[in-house]
2 protein chains.
Amino acid sequence: MNELSIPPKTVSAAAEPASRLGALRAALAQAGIQGFLVPRADEHQGEYVARAAERLWFLTGFGGSAGMAIVLPTRAAVFVDGRYTLQAETEVDKTCFEIVHLAKTQPHEWLAAAAEPGQRIAYDPWLHTPDGLARLKAAAAKAGATLVAAPNPVDAIWADRPPLPAAPVLPHALEFAGQPSVEKRAEIAKKLAADGVAAAVLTLPDSIAWLLNVRGGDVAHSPLPLSFAILKSDGGVDWFLDPRKRNADLANHLDGGVALRLPGEFAAALAALKGAKVQADSATAASWIFDRLEEAGATVVRAADPCLMPKACKNPVELAGIRAAHRRDGAALSKFLAWIARTAPRGGVREMAAADKLEAFRRQSNLLRDLSFGTISGAGPNGAIVHYRATPKTDRELEPGELYLVDSGGQYPDGTTDVTRTVAIGTPTADMKKHFTLVLKGHIALATARFPAGTSGSQLDALARVALWREGLDYDHGTGHGVGHYLCVHEGPQRISKMPNTVALKPGMVVSNEPGYYKTGAYGIRIENLVAVEKQGEGDGGIEQLGFETLTVAPIDRALVDTSILTEGEIAWLDAYHARVRAELARQIDGEDRAWLVAATAPLER
Amino acid sequence: MNELSIPPKTVSAAAEPASRLGALRAALAQAGIQGFLVPRADEHQGEYVARAAERLWFLTGFGGSAGMAIVLPTRAAVFVDGRYTLQAETEVDKTCFEIVHLAKTQPHEWLAAAAEPGQRIAYDPWLHTPDGLARLKAAAAKAGATLVAAPNPVDAIWADRPPLPAAPVLPHALEFAGQPSVEKRAEIAKKLAADGVAAAVLTLPDSIAWLLNVRGGDVAHSPLPLSFAILKSDGGVDWFLDPRKRNADLANHLDGGVALRLPGEFAAALAALKGAKVQADSATAASWIFDRLEEAGATVVRAADPCLMPKACKNPVELAGIRAAHRRDGAALSKFLAWIARTAPRGGVREMAAADKLEAFRRQSNLLRDLSFGTISGAGPNGAIVHYRATPKTDRELEPGELYLVDSGGQYPDGTTDVTRTVAIGTPTADMKKHFTLVLKGHIALATARFPAGTSGSQLDALARVALWREGLDYDHGTGHGVGHYLCVHEGPQRISKMPNTVALKPGMVVSNEPGYYKTGAYGIRIENLVAVEKQGEGDGGIEQLGFETLTVAPIDRALVDTSILTEGEIAWLDAYHARVRAELARQIDGEDRAWLVAATAPLER
């Protein structure tokens with residue numbers, strides 16, 4: 001779609017769904033285009049996006065964190081995954097959009113069937129990666145249609161589109177980061193130079209934040225400055241940062257190797273890479289960037305973002321901060337669990353109020369910068385909804401005889417936390433105890449695993465499932481995700497999951513250990529601690545042996561443990577863990593909370 | 001390379017290495033070609049190849065089962081993996097060839113560095129798959145050189161090349177196969193038709209043998225008829241089979257849907273698929289076939305050989321035969337182990353003689369058609385060489401105080417076996433017992449695993465390693481390979497291995513369960529049983545639960561078990577396994593052998 005000589009008619013997000021869709025189709029028709037792809041992604045492919053980037057929500061009303069819409073002249077569809085099918089049913093106007101389940105039909109499959117020969121279907125090249133586009137382009141071609149890059153028509157019709165965020169970017173102090181930016185850049189630049197690469201384009205906000213030792217606030221829950229950067233093989237960086245985000249602290253913090261430039265200069269800077277060998281990540285960087293580099297005649301090397309691996313492997317200073325953040329966070333969570341234990345059995349505590357209470361305990365330290373994600377606070381059957389978010393409509397009381405699952409985390413300047421505890425309100429049933437204990441066995445099996453260097457998370461995933469499998473049970477999510485250091489709560493490239501992943505676990509990587517079990521309509525169970533990969537000596541043949549250091553410190557509900565199905569070793573692990581929890585938290589907790597903690601961390605009764 | 005008007009000078013396999021290499025370079029020069037690729041593969045990408053296909057051996061002297069050579073005007077290299085580095089050092093003339101370790105440098109990497117701009121390097125399109133060629137072509141291009149398809153110049157210079165094999169092809173009776181060929185073909189043809197595919201080209205000899213219920217004898221150890229076939233979406237087959245392999249029994253066996261054609265007609269048959277949608281497997285079928293189909297203007301669908309999955313999932317008749325074969329084979333192995341127990345401690349038993357003795361016990365049934373692979377018979381430190389083959393030079397005595405590892409198998413008309421036992425000669429050390437017991441723990445963990453449908457072998461691999469990992473130990477090979485039904489002892493597509501593999505285990509698949517431990521220079525331990533995937537009821541949410549039925553029946557050396565590091569459950573498993581071994585084998589074994597069996601299968605002493 002070319003820029004229109006006459007601007008299209010605009011419409012508010014508050015208008016009827018049909019009029020928003022109608023305005024988009026009119027704008028497309030005006031430009032001689034028959035369709036448009038609307039992913040939930042922003043220009044940085046982040047999990048959390050700015051309000052100005054909520055184009056999928058504006059068009060369809062769907063507010064989930066993943067999904068896509070495709071608009072054609074007479075058909076339009078919204079694609080959502082299993083987490084969001086119920087939510088999409090209530091948010092999306094089905095007279096405008098078909099709701100398609102991603103597990104049944106992928107967008108490219110729908111497109112191949114729905115597109116018609118000769119159609120020109122537009123996409124915003126800022127919102128798709130080359131890897132993501134490849135399948136969609138092939139599907140369009142199969143139908144005889146063509147995908148064409150175009151300026152975003154949703155932005156053009158969105159009357160009340162919020163402004164782009166401009167939160168100040170602030171230094172991330174060396175006492176937390178542990179390594180000066182100039183050193184990080186020199187190390188990566190050395191590798192680029194060794195590969196004969198002149199420059200790497202950086203598009204992931206957490207990569208840029210890590211590399212430059214800065215943090216921002218442009219999106220919820222992750223302290224990210226949205227921006228782009230080009231890292232050169234001499235260690236210098238061109239940083240394309242909105243001037244509104246700059247300030248004196250930032251200026252003092254940056255070294256001479258970082259050149260601040262305007263976002264509008266990014267295109268020219270890419271064009272200036274003419275003839276050079278330039279690295280960009282086709283799984284995470286916008287297609288727009290590849291188009292510019294190819295136009296400029298650069299030799300494009302498609303390789304993983306060079307910050308991913310060093311960012312994932314936390315240095316000793318980062319790890320020390322992460323441990324401190326976990327002690328602080330564990331104390332807040334323990335106070336909350338003590339409050340739940342005292343209050344909930346008497347009745348009247350609801351999910352949303354409980355989540356607020358937990359946030360309040362976390363804020364008491366005055367170091368909480370944000371929650372690391374929206375708290376999952378699920379009572380009874382709501383706990384069985386894996387990505388549950390309580391709303392005034394669903395807000396359930398924590399009732400005696402039921403389980404309560406709370407998955408939450410905090411962003412502190414020294415670390416990011418993510419922890420899940422499941423507790424019995426009143427007296428649990430034998431089945432609840434059995435299922436909880438099976439999940440606990442999986443958690444312990446992973447926490448105590450020892451394995452040779454080179455082992456991937458995929459190889460370890462089954463260890464957390466075997467006890468459940470033996471009883472014919474399982475859980476339908478991954479066992480562990482990477483976690484950033486005061487950055488994204490979901491961070492790659494490592495993962496512990498059924499899905500094949502060849503990234504070897506390396507010392508310093510932080511991952512979650514979170515097996516679960518979900519009995520639909522009844523209860524959900526999940527036990528999640530964060531763990532750090534650590535060296536555990538050398539094995540046979542001098543191969544480095546690795547294992548996990550558990551970072552999270554908070555009681556695991558002893559009332560839900562059936563010791564008859566634990567081994568001696570598993571009982572010893574839980575007792576030792578609880579002794580450590582008590583030792584690390586007792587000084588931070590007083591009075592009746594401390595009495596609760598002492599009881600909650602006592603050795604198991606046989 | 002075009003056909004030469006003047007035939008090149010030929011040379012015998014017995015000639016000096018330099019003159020064989022010289023003859024090849026002369027033939028290449030005559031044709032205006034600068035290089036040639038010599039893989040170990042034959043036209044069917046099989047593990048065992050006919051003597052006429054041993055081109056790598058003819059040229060380089062290297063006789064291992066995997067490898068490749070690349071010949072350029074002034075450099076030539078032989079690429080071998082870790083199993084074969086020692087063997088290559090003794091077999092290959094290093095004044096002619098560099099020996100390159102595959103783990104350090106892959107052929108395509110070597111080619112990219114060694115080829116020169118403008119060079120034309122030939123390959124035999126019959127001996128490479130499109131998937132295998134892709135990397136080599138890219139590497140040549142990187143160096144400015146070109147790979148070109150050519151008739152094989154090694155065949156042209158090989159004076160005493162053996163004739164192509166022509167073993168008779170015989171019916172595989174329905175009492176063993178369990179399903180008529182016409183039914184198998186109808187089921188696959190239905191899937192082809194559903195995919196809109198007119199025909200599938202079959203190149204794997206075991207796929208053709210399975211599909212047509214025939215067996216042959218063209219290579220060692222696997223009862224394969226080398227041939228090609230085209231399966232059509234109406235269930236009919238064009239079978240391109242050397243007339244010398246045909247006979248009256250075969251003619252009576254084949255139904256009217258199988259058209260016997262001459263091998264020389266294969267090219268024309270592919271050309272006749274002009275305009276049709278034709279399926280071929282780019283991972284296993286020769287590049288030559290794709291070239292013909294593309295020349296013919298066929299629409300080529302690159303998809304896995306359609307026989308792979310139904311062949312891997314054995315039917316109830318096949319499974320019954322496999323169980324019978326294992327009882328017969330277990331009796332032979334037990335007699336051998338009894339003989340070892342009586343004889344070896346007195347001294348004088350050597351590895352090669354032991355392997356011969358074991359083969360003789362297997363032949364006593366009169367049903368052994370072949371060994372399923374060359375027996376690995378390794379005493380003391382030789383047992384630590386994973387793919388050891390005893391030779392007169394290495395033939396070691398089974399000495400008291402050492403371990404003896406024997407990995408062997410038989411081809412019977414009702415099934416293929418593959419079993420490894422490790423036994424102590426005399427009194428084992430505490431370390432030997434500890435290591436053996438850790439391997440046993442892994443073996444039992446896998447044997448008793450229960451898991452939901454959809455789980456792949458990659459997901460289960462760690463279960464067999466965890467006990468070793470905990471002690472800083474591991475083994476450098478896969479945990480399990482698929483096994484055919486009176487077919488190849490290594491059969492895909494499933495595998496239990498560290499390497500990512502997304503093929504889900506399905507009921508009826510047969511795999512090996514063979515963890516090990518190898519102490520270089522001292523001893524090797526491996527405990528291998530074959531197991532069949534079986535349904536074990538339904539789990540939560542109605543998902544099918546799977547597990548393993550152990551097929552192999554032979555004693556596991558109780559003298560090597562340290563019960564102090566086994567759990568009660570593990571001890572119970574071994575005692576129950578031994579009770580079953582005794583019950584299934586006792587009637588086949590007499591006298592002092594039976595007395596030995598009874599003692600060898602007694603419950604463990606605590």
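Basis for what follows: all heavy atoms, side chains included, without hydrogens, waters or symmetry-related copies. Just so it is clear: chains get the letters A, B, ... in the order the sequence lines come, proteins before strands, and each one is counted from 1.
Of all residues in residues 451-460 of chain A, those placing a non-hydrogen atom less than 4.5 angstrom from a non-hydrogen atom of chain B are A:Phe451, A:Pro452, A:Thr455, A:Gln459, A:Leu460. Heavy-atom neighbours of chain B within the stretch residues 462-478 of chain A, taken at a separation under 4.5 angstrom, comprise A:Ala462, A:Leu463, A:Val466, A:Trp469, A:Arg470, A:Glu471, A:Gly472, A:Leu473, A:Asp474.
Every residue was checked against the salt bridge (Lys or Arg N to Asp or Glu O under 4.0 Å) condition with A:Glu109, not counting sequence neighbours, and none meets it.
Judged as a salt bridge (Lys or Arg N to Asp or Glu O under 4.0 Å), the pairs with a partner in residues 437-457 of chain A (not counting sequence neighbours) are, in order, A:Lys441-A:Glu570.
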